[in-house]
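Heavy atoms only: backbone and side chains are in, while hydrogens, waters and symmetry mates are out.
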Amino acid sequence: MAIIVNLDVMMAKRKMSLSELSNEVGITMANLSILKNNKAKAVRFSTLDAICRVLDCQPSDLLEFEK
């Protein structure tokens, strides 16, 4: 079981860099990078909410389940 984070895909669709997203969301670039590279063990709902707000997307656009 694996949850895939498609943050890089949504950032590319919105033409937004990691540093821009970091500034807008208020999360360090290091933490966003961990999330973007599928190294995160968990994500807070408040973080997911902020990312979805800035990228104008749904959580399902960012998270994918893969068997």
Side-chain angles (χ1 to χ4, degrees):
M1 169 173 83
I3 301 293
I4 308 300
V5 180
N6 293 315
L7 182 59
D8 54 343
V9 174
M10 286 308 299
M11 288 171 52
K13 285 182 180 179
R14 302 297 189 254
K15 295 180 173 55
M16 185 172 279
S17 71
L18 194 64
S19 61
E20 289 174 313
L21 185 61
S22 173
N23 288 333
E24 297 248 356
V25 173
I27 299 169
T28 65
M29 283 183 48
N31 285 336
L32 278 177
S33 183
I34 289 169
L35 189 59
K36 186 182 115 175
N37 293 318
N38 286 301
K39 304 281 186 202
K41 300 291 182 194
V43 61
R44 292 177 187 227
F45 281 139
S46 59
T47 300
L48 189 58
D49 174 69
I51 292 170
C52 287
R53 193 171 3 91
V54 170
L55 293 177
D56 190 30
C57 67
Q58 294 294 315
S60 60
D61 295 327
L62 297 173
L63 303 174
E64 175 184 346
F65 174 75
E66 188 175 272
K67 289 185 181 182

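- Leu48 and Leu32 fall within the same hydrophobic cluster, defined by Ile, Leu, Val, Met, Phe, Trp and Tyr side-chain heavy atoms under 4.5 Å apart, directly or through other members.
- Under the 4.5 Å side-chain contact rule for hydrophobic residues, Leu21 and Val43 share a cluster.
- Here NZ of Lys39 is found 15.0 Å from CG of Asn31. Values are rounded to the nearest 0.5 Å.
- For the atom pair CG (Leu63) and CG (Leu35), the distance works out to 8.0 Å, reported to the nearest 0.5 Å.
- Distance check: Glu20 CD to Lys15 NZ gives 12.0 Å after rounding to the nearest 0.5 Å.
- For Asn38 (side chain) and Val5 (main-chain N/O), a donor-acceptor pair under 3.5 Å exists by modelled atom type.
- Side chains of Asn37 and Ser33: a donor-acceptor N/O pair is present below 3.5 angstrom, by distance only.
- Between Leu62 and the options Ile51, Asn6, Val9, a side-chain contact (heavy atoms from CB on, under 4.5 Å) holds for only Ile51.
- Side chain to side chain, Asp49 and Ser46 fail the donor-acceptor criterion of an N or O pair below 3.5 Å.
- To the nearest 0.5 Å, atoms CE (Met16) and CG (Leu7) are separated by 10.5 Å.
- Two residues are said to be in side-chain contact when any heavy atoms from C-beta on lie closer than 4.5 Å; Lys36 and Leu18 meet this criterion.
- Between Leu55 and Lys13 the shortest side-chain heavy-atom distance does not fall below 4.5 Å.
- Between Arg14 and Asp56, the shortest heavy-atom contact is NH2-O, 2.8 Å.
- In this structure, the side chains of Cys52 and Gln58 stay at 4.5 Å or more apart for every pair of heavy atoms.
- The line from OG of Ser19 to CD of Glu24 is 10.5 Å long, rounded to the nearest 0.5 Å.
- Contact annotation: the side chain of Ser22 never approaches that of Ile27 to less than 4.5 Å [non-hydrogen atoms, C-beta and beyond].
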